[in-house]
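What's counted below: heavy atoms across the whole structure, side chains too, no hydrogens, waters or symmetry copies.
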Number of protein chains: 2
Amino acid sequence: MVKKRAAVPRAGAGTLLTLIRTGRASTRADLVRLSGFARSTVAQRLDALLEAGLIVPAGDAGSTGGRPPETFAFNRHAGVLLGADIGGSHTRVAVTDLAADVLAETEADLDVADGPDAVLSWVTEAFARLLARVGREISDVRGVGVGVPGPVDGTGRLVSPPIMPDWDGVSVPERVSRALFKGAEEMGEDVPVVVDRDVNIMALGEQKAGGHDHADMVVVKIGIGIGAGLIVGGEIYRGAQGAAGDLGHLRRGTDEPCRCDNRGCLEATAGGWAIRRRLVELGYDVRTSQDIARLARRGDHETVRLVRQAGRLIGEALADVVGLFNPSHIIVGGNLAEAREPLLAGIREVVYERAQVLASRDLQIVPTTLGHRAGTIGAALLVHERLYDADRISAALG
Amino acid sequence: MVKKRAAVPRAGAGTLLTLIRTGRASTRADLVRLSGFARSTVAQRLDALLEAGLIVPAGDAGSTGGRPPETFAFNRHAGVLLGADIGGSHTRVAVTDLAADVLAETEADLDVADGPDAVLSWVTEAFARLLARVGREISDVRGVGVGVPGPVDGTGRLVSPPIMPDWDGVSVPERVSRALFKGAEEMGEDVPVVVDRDVNIMALGEQKAGGHDHADMVVVKIGIGIGAGLIVGGEIYRGAQGAAGDLGHLRRGTDEPCRCDNRGCLEATAGGWAIRRRLVELGYDVRTSQDIARLARRGDHETVRLVRQAGRLIGEALADVVGLFNPSHIIVGGNLAEAREPLLAGIREVVYERAQVLASRDLQIVPTTLGHRAGTIGAALLVHERLYDADRISAALG
DNA sequence: AAACTTATGGTGATTGACAAACAAAAGTAA
DNA sequence: TTACTTTTGTTTGTCAATCACCATAAGTTT
């Protein structure tokens, strides 16, 4: 009779790699302490990781009175990752090293409503240009991460996205994979293309690369639309159908028609979308949320007033979020958040006034640290985490 | 130098116990399949669990063509658990077996505003009466679970509870432990007293004992006040300060003063609290939320109207919750939920109208299955899970 | 009753992780 | 230079878990 294989020999290699690539450990002593494995086991697993090229020696650390410990680092140069942050009206792409540090990037004003063909072909062409710029081949790509402004299922297929109906049912990994690795089918076989909501990759970027590694936090993205990525217990929370964090379409009592075909959504009165409409009515020449943010930074009176008012409305919704989630941090990002002061001030004003004392006592409301790069870095991190998942690495070295 | 002890011999016993006590496995074959351990290891661990009296043989199961497998069951009769569900205006207590099945229960209209002394002394006296009724001693008690209508920290101490200011800083485990095991200090040493929010124990009860074992769900408690327990990824979610799920004090646009000293809270217009005030103004004689539910069940026109209206208002708040959390199920409980139809109809009406299509497509809004027992059963389950935690059991048998 | 199926108990060999000990390496402090 | 500290490499015996058998138990099917 066929017997089950023994339970993963070499288990633990993945655990060590995770400790190293997340920067929690760099020496053998660190690894022994944090992993709980025996020193001999750690040494053996380190050899396997070195041999597989997943880590590299990184010189000696300073002595603490005796022989200085040898340090190890994640081998971030053994290939590249591609990250795309497809927003509702603006798209950014980047080539990063394997640790999701940006090597080259570019961006464009693209409307997702133009459909998957237009947007995804720009994205794949931009990937190719960036690869050439950093002197890498398509064969150096180890993974691709993509963020889209709508809900996706487990396989990366869009499901009933409200603002991009043309994309319904589109499998982004399939399309991207085919476009990138065309004519070299066997090449794309092992290169994962991972897709998630734009707000989720932004949250992931801020969490892992932006220094906001808090267990319970909300990352708000304010641009033409409004959305939120939720980090719950240290993990991205997606909800039962991947639709969680839909801040922009909470009903806020007004009756403005929204682009989602409903009425009274937060976006319809506080999104960049609504501000742009008001400014155009007043004779301004604005097209993107970046235009609005620029006007606000220059101190344009009317824009500052509108942005601050939008901040207050968003703050009302966030006060509810604070009551329900009780996060320790709210990170405010998105193109409109580049307006900084007026928006943050409006949000803070209302949240601290409205939220219950306990939930808001230690609450911090801060801007993103990665700024407009949060999305692309997060997208790269998404596939990075898939590639270097502890169990996957342990199994591969077993 | 002192060396670390070897990493938990006999590991895995706790895993097997968990599989057995949660009903996922009852035969050796099940255990081997679900745990991944070798058959010999499972046999050895089972012996240890049997010897420790944690499980008992439960006869043979039906044959499937050969020798019938021997089954094992959690030894639920080796002691008792105590569960208390302290609500804002009503308190229930129960003695349960070790699997949190109720053996005896009682209840009383108690106002938490009367202070911790009054409430907790009634609770401990009720525990003593119930123990006598089922013929058990205080020494048979293996653990105590308590739910309170306010936020608690990790040690079971109340922190800034809005509706019970007298309880601020009170350590419930300390008080209960002292009152229950007075004069027998050594006895209470190993008997854990675990405390959580009332909505959280209710959610736990519905999840583990009510057949609602869904990964992402919201359990709403509607009584004199309104609150929600959140199950996120299969676990109770408490937030950064334990204040998550504060549905009752979301601001809903009105300007009614609330008992929490703010204005415009959901509770102030939709809580049993607000309905009672309206009914009293109309000349009704109502005191508790059970009175209101009774009137509604009898079909009293005015009460049904008010309850349905409250349901709509709660539905508005829940529509926001659905957008943010995207749960698969909303469980509606609490004393006022005993009014059933009018309340549920009001909630459903608004949630399905307002929530985004995707998030509400497969959403189910259903009443509790445990009814008024959800809290006490959940409280017992809370300490049950602490007592029979896999790691704790593995360590104890190692 | 005989053949078959499934479950259980026990044994021995193998394997992998661990603790402990020792030696060597590479720094600092006196 | 010498003594000391810390890190690293290597080895050895111990222990626990697993696998692979074999024997037995207790049903069902023929």
Side-chain angles (χ1 to χ4, degrees), chain A residues 1-16 19-20 25-51 55-73 390 394-395 397-398, chain B residues 1-16 19-20 25-51 55-73 390-391 394-398:
Chain A
M1 195 214 287
V2 179
K3 283 282 169 177
K4 207 169 38 181
R5 273 272 355 100
V8 194
R10 297 260 169 97
T15 309
L16 296 189
L19 288 171
I20 293 171
S26 63
T27 69
R28 286 180 166 86
D30 291 343
L31 290 166
V32 168
R33 189 166 36 82
L34 293 172
S35 71
F37 299 144
R39 203 161 61 87
S40 46
T41 311
V42 167
Q44 191 183 321
R45 297 296 182 282
L46 274 182
D47 286 345
L49 289 170
L50 283 165
E51 198 182 352
I55 61 173
V56 288
D60 289 356
S63 164
T64 59
R67 172 174 174 169
E70 195 180 359
T71 65
F72 299 91
S394 294
L397 296 186
Chain B
M1 196 213 288
V2 180
K3 283 281 171 179
K4 206 170 37 181
R5 271 273 356 99
V8 195
R10 296 261 167 93
T15 309
L16 298 189
L19 289 171
I20 293 172
S26 63
T27 69
R28 284 182 167 83
D30 291 343
L31 290 167
V32 168
R33 187 166 36 81
L34 293 172
S35 71
F37 297 144
R39 204 160 59 85
S40 47
T41 311
V42 168
Q44 192 184 322
R45 297 295 183 282
L46 274 182
D47 286 345
L49 289 170
L50 284 164
E51 198 183 351
I55 60 173
V56 288
D60 289 357
S63 164
T64 58
R67 172 174 174 170
E70 194 180 359
T71 66
F72 300 91
D391 290 339
S394 294
L397 296 186

Would you mind reading off the bend of the helix from dA1(C)-dT30(D) to dA30(C)-dT1(D) from its two end axes, five pairs each, to 10 degrees? 20°
N/O (side chain, Thr41(A)) to phosphate O (OP1/OP2, dC18(C)) under 4.0 Å: yes
Taken to the nearest whole Å, CG/Leu50(A) to P/dT8(D) is 12 Å
If you assign each of Pro68(B) and Ala38(A) to its closest nucleotide in DNA chain C, which residue comes earlier from the 5' end? Pro68(B)
Taking dA26(C), dC18(C), dT8(D) as options, the one with an atom nearest any side-chain atom of Ser40(A) is dC18(C)
For the pair made of CG in Asp47(B) and P in dA17(D), what is the distance, rounded to whole Å? 13 Å
Quick check: on DNA chain D, is the nucleotide nearest Pro69(A) upstream (toward 5') of the one nearest Thr64(B), or the reverse? Name the residue that is more 5'. Pro69(A)
Phosphate OP1/OP2 of dT8(C) contacted by Arg28(B) side-chain N/O (<4.0 Å): yes
Could you walk me through whether Leu19(B) and Asp30(B) satisfy the side-chain contact (heavy atoms from CB on, under 4.5 Å) test, starting with their C-alpha distance in whole Å, then the side-chain angles of each, then the deciding distance to 0.1 Å, before giving a yes or no? CA-CA 9 Å; Leu19(B) 289 171; Asp30(B) 291 343; over 6 Å; no
Correct closest heavy-atom pair for Ser394(A) and Ala13(A) would be OG-N, 3.7 Å
Reported OG1-to-CG distance for the pair Thr41(A) and Leu31(A), which is rounded to 0.5 angstrom: 12.0 Å
d(CZ, Arg45(B); P, dA17(D)) in whole Å: 4 Å
Does Ile20(B) form a side-chain contact (heavy atoms from CB on, under 4.5 Å) with Leu46(B)? I'd like the steps, not just the answer. CA-CA 10 Å; Ile20(B) 293 172; Leu46(B) 274 182; 4.1 Å; yes
Could a donor-acceptor pair under 3.5 angstrom be found where the side chain of Arg39(A) meets the base of dG9(D)? yes
When rounded to whole Å, the CG to P distance for the pair Leu31(A) and dG9(D) reads 12 Å
Distance check, rounded to the nearest 0.5 Å: Thr27(B) atom OG1 versus Asp60(B) atom CG? 11.0 Å
Test log, rule side-chain contact (heavy atoms from CB on, under 4.5 Å), inputs Arg28(A) and Glu70(A): CA-CA 8 Å; Arg28(A) 286 180 166 86; Glu70(A) 195 180 359; 3.2 Å; yes
Give the rounded distance in Å between these two atoms: CD of Gln44(B) and P of dA17(D). 6 Å
Donor-acceptor pair under 3.5 Å, Arg67(B) side chain vs dA25(D) base: yes
Between Phe37(A) and Leu16(A), does the side-chain contact (heavy atoms from CB on, under 4.5 Å) criterion hold? Intermediate values first, please. CA-CA 10 Å; Phe37(A) 299 144; Leu16(A) 296 189; 4.1 Å; yes
Taking CG from Asp60(A) and P from dT7(D), how many angstroms apart are they, rounded to a whole number? 12 Å
Rounded distance (Å) that lies between atom P of dC19(D) and atom CZ of Phe37(B): 12 Å
Between P on dA16(D) and CG on Leu397(B), what's the gap in Å once rounded to a whole number? 15 Å
